[in-house]
Amino acid sequence: MTVSEIRGHHPILTPKAMGEVDRAAIQSGIDGYRLMLIAGAAISACVLEHYPEATGAIVLCGPGNNGGDGYVAARGLAEAGMPVRLYSSVDPERLKGDAATARDDWQGPIHSLADLDWRDSEIVIDALFGAGLDRPVEGAVAEAMMTVVSSELPVVAADLPSGVSGRTGEVQGVALSAEHTVTFATYKPGHFLVPGADYCGDVHLIDIGIPQREIDAHDQNLWLNTPEIWSDRIPEPKLSGHKYSKGHLGVFSGAFSHTGAARLAAHSALRAGAGLVTVLAPASAIASNAAHLTAIMLRNVSSDEDLDALLQDQRMNGFVLGPGFGVGEKTCGFARTIISTDRALVLDADGLTSFKDNAEDLFSAIADGAAPVILTPHAGEFSRLFPDLAADTELSKVDRARMAADRSGAVVLYKGADTVIAAPDGRAVINVNAPPWLATAGSGDCLAGIIGALLVQHVPAFEAAAIAAYMHGEAGMELGEGLTADDLADGILSPSVLFE
Ligand SMILES: NC(=O)C1=CN([C@@H]2O[C@H](COP(=O)(O)OP(=O)(O)OC[C@H]3O[C@@H](n4cnc5c(N)ncnc54)[C@H](OP(=O)(O)O)[C@@H]3O)[C@@H](O)[C@H]2O)[C@@H](O)CC1
Ligand SMILES: [K+]
């Protein structure tokens with residue numbers, strides 16, 4: 001199963017939390033070796049299912065329980081009739097606990113990783129390091145891993161591809177690139193955060209018998225962004241509803257030659273179910289917008305006074321500010337005014353960059369108001385608003401998004417192939433359904449419009465961002481490679497249709 005097809009309610013635990021869950025489960029009376037037997041059996045089953053023609057396997061075992069999984073998998077493959085050669089990265093006598101038991105139950109020879117010979121093998125089982133990786137891989141083990149990489153043999157990884165941090169998804173020194181990763185009990189951030197996600201291949205989540213109550217007790221408020229997280233927040237069309245009950249979104253347009261981004265956002269918002277959408281354009285951009293808009297309304301908003309007048313109409317209950325709008329004090333002023341009136345605001349693109357030198361101003365405006373605010377930075381914009389968080393290499397993308405949400409008081413949708421959405425209250429999701437071809441010019445404008453559409457329909461900010469990211473990804477998948485942002489804006493389905 002590819003990650004974009006994952007359904008259900010999936011907590012994501014860091015390796016450290018997963019270790020605590022393992023220990024708690026074992027303390028409650030569950031046999032740790034039995035967990036390892038199930039884990040190892042799942043790895044050998046994955047190999048047999050996906051490489052039924054393979055005539056030989058090598059199994060690489062490390063110093064800990066990940067290596068223990070490798071010994072069990074090797075046994076399973078040998079019992080299924082596959083010739084297996086097993087290599088250990090350490091003196092096998094060093095193994096302890098369940099890993100030592102797994103080693104004792106392996107009947108075949110144990111070779112030193114220094115003698116690695118991959119010829120006459122067709123598949124590699126990677127059980128060198130999993131949750132316990134805590135520093136860069138170096139020396140002889142790193143060299144052996146490079147040999148595997150250069151062999152171009154397919155790799156099936158136990159828990160995580162060795163060298164990938166389960167907490168951050170960063171590569172620690174060198175990493176193996178797996179076609180399949182078999183993981184246990186819960187997903188880890190490193191399965192979805194880049195670059196780790198690219199090293200995992202298809203991720204298979206296996207229930208090895210750890211009780212759900214232990215997983216729930218260690219919930220870290222981080223989940224995969226699946227419909228099960230927010231399906232009860234999807235706006236339902238009401239028979240008695242009229243266009244104003246579905247909200248009225250204002251999308252600010254840039255000047256004369258910068259109007260396309262706002263129209264993409266506006267068009268996407270209408271598709272995503274906003275009752276009314278108005279492009280708010282400076283005088284210089286009225287003609288160019290008017291030439292392109294039909295269902296979307298248009299209004300001249302050039303000055304602070306124009307904005308004040310506009311805000312008298314309480315029915316316009318949300319705004320998108322930033323796409324193509326221009327960087328500068330005017331942008332900051334508009335954002336502060338909107339936030340002070342407690343209307344919902346999606347601050348995107350130039351709206352974010354405008355606060356590069358005065359981010360604290362933005363955060364204090366958010367703290368003083370009651371407006372739901374969503375910030376939608378890509379990596380560059382994120383580093384302008386939160387330079388210290390961006391520079392801290394100890395932090396994962398999830399940590400950064402969470403700390404940014406906490407600091408700003410806004411929901412932060414931190415874009416990328418691994419978009420993370422975090423709320424100031426600590427909740428976070430990782431979105432995984434976005435295909436690579438969604439990274440195209442104007443795609444972010446469409447996303448801002450979808451979020452705005454959900455906000456004006458009174459979806460709470462965190463769920464609005466999460467649903468929008470998911471809808472955006474689904475539209476991208478549906479349209480396929482080569483899509484343009486125009487296709488995307490046209491291809492967005494309202495949530496009540498998409499999730500019926
Ligand atoms: N019941 C359970 O718990 C179950 C667990 N399961 C499995 O256990 C795995 C976790 O096992 P684990 O905790 O033993 O860690 P693991 O990844 O094997 O690392 C071992 C040791 O490697 C070392 N080391 C770290 N980095 C290094 C480096 N760069 N270069 C060299 N050495 C390095 C470090 O030891 P150190 O050298 O610091 O003494 C570390 O402790 C988990 O991923 C899953 O596969 C399943 O069986 C299901 C049941
Ligand atoms: K591994």
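Remember, it's 1-based here, ligands and their atoms both numbered in the order they're listed. Heavy-atom basis, side chains included; hydrogens, waters and symmetry copies ignored. The shown structure was predicted, so the numbers you read here are calculated from the model rather than taken from an experiment. Numbering starts at 1 and runs along the sequence shown.
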I'd like to check which ligand 1 atoms, numbered from 1 as shown, lie under 4.0 Å from a non-hydrogen atom of [X].
| X | result |
| --- | --- |
| Val137 | 29 (N) |
| Ile208 | 48 (C) |
| Gly64 | 14 (O), 18 (O), 20 (C) |
| Pro136 | 29 (N) |
| Met36 | 47 (O) |
| Asp159 | 42 (C), 43 (O), 44 (C), 45 (O) |
| Ile26 | 1 (N) |

salt_bridge(Asp348, Lys415) N-O dist < 4.0 Å: yes
Non-hydrogen atom of Gly68 closer than 4.0 Å to ligand 1: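 No, Gly68 has no heavy atom closer than 4.0 Å to ligand 1.
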Close approach of Ala158 to ligand 1, heavy atoms, under 4.0 angstrom: no
For the pair [X] (side chain) and [Y] (backbone), establish whether a donor and an acceptor sit closer than 3.5 Å, ignoring hydrogens and angles.
| X | Y | value |
| --- | --- | --- |
| Arg94 | Pro63 | no |
| Trp437 | Gly476 | yes |
| Tyr199 | Gly169 | no |

Nearest option to atom 22 (O) of ligand 1, as decided by whichever heavy atom of Gly132, Ala185, Pro63, Gly166 sits closest: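 Comparing heavy atoms across Gly132, Ala185, Pro63, Gly166, the nearest one to atom 22 (O) of ligand 1 lies in Pro63.
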Proximal candidate to atom 12 (P) of ligand 1 [heavy atom criterion; set Asn65, Leu37, Ile30, Ile43]: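 Among Asn65, Leu37, Ile30, Ile43, the closest heavy atom to atom 12 (P) of ligand 1 comes from Asn65.
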Using a 3.5 Å cut-off on N or O atoms only, is [X] in polar contact with ligand 1?
| X | result |
| --- | --- |
| Asp98 | no |
| Ala39 | no |
| Gly130 | yes |
| Gly32 | no |
| Asp22 | yes |
| Leu128 | no |

Verify atom 39 (O) of ligand 1: protein non-hydrogen atom under 4.0 angstrom away: no
Exercise check, heavy-atom protein proximity under 4.0 Å to atom 35 (O) of ligand 1: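 No.
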Rounded to 10 degrees, the angle O of Ala158 makes with OG of Ser162 at the K ion (ligand 2):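 That angle works out to 170° after rounding to 10°.
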Straight-line distance of Leu86 CG to Leu113 CG, nearest 0.5 Å: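 CG of Leu113 is found 10.0 Å from CG of Leu86.
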Which atom of Asp126 approaches the K ion (ligand 2) most closely (N/O/S):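 In Asp126, the heteroatom (N, O or S) nearest the K ion (ligand 2) is O.
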Side-chain donor-acceptor contact under 3.5 Å, Asp98 with Thr101: no
Test item: Val156 and Tyr51 side chains (from C-beta on) under 4.5 Å apart, heavy atoms: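 Yes, at least one pair of side-chain atoms sits under 4.5 Å.
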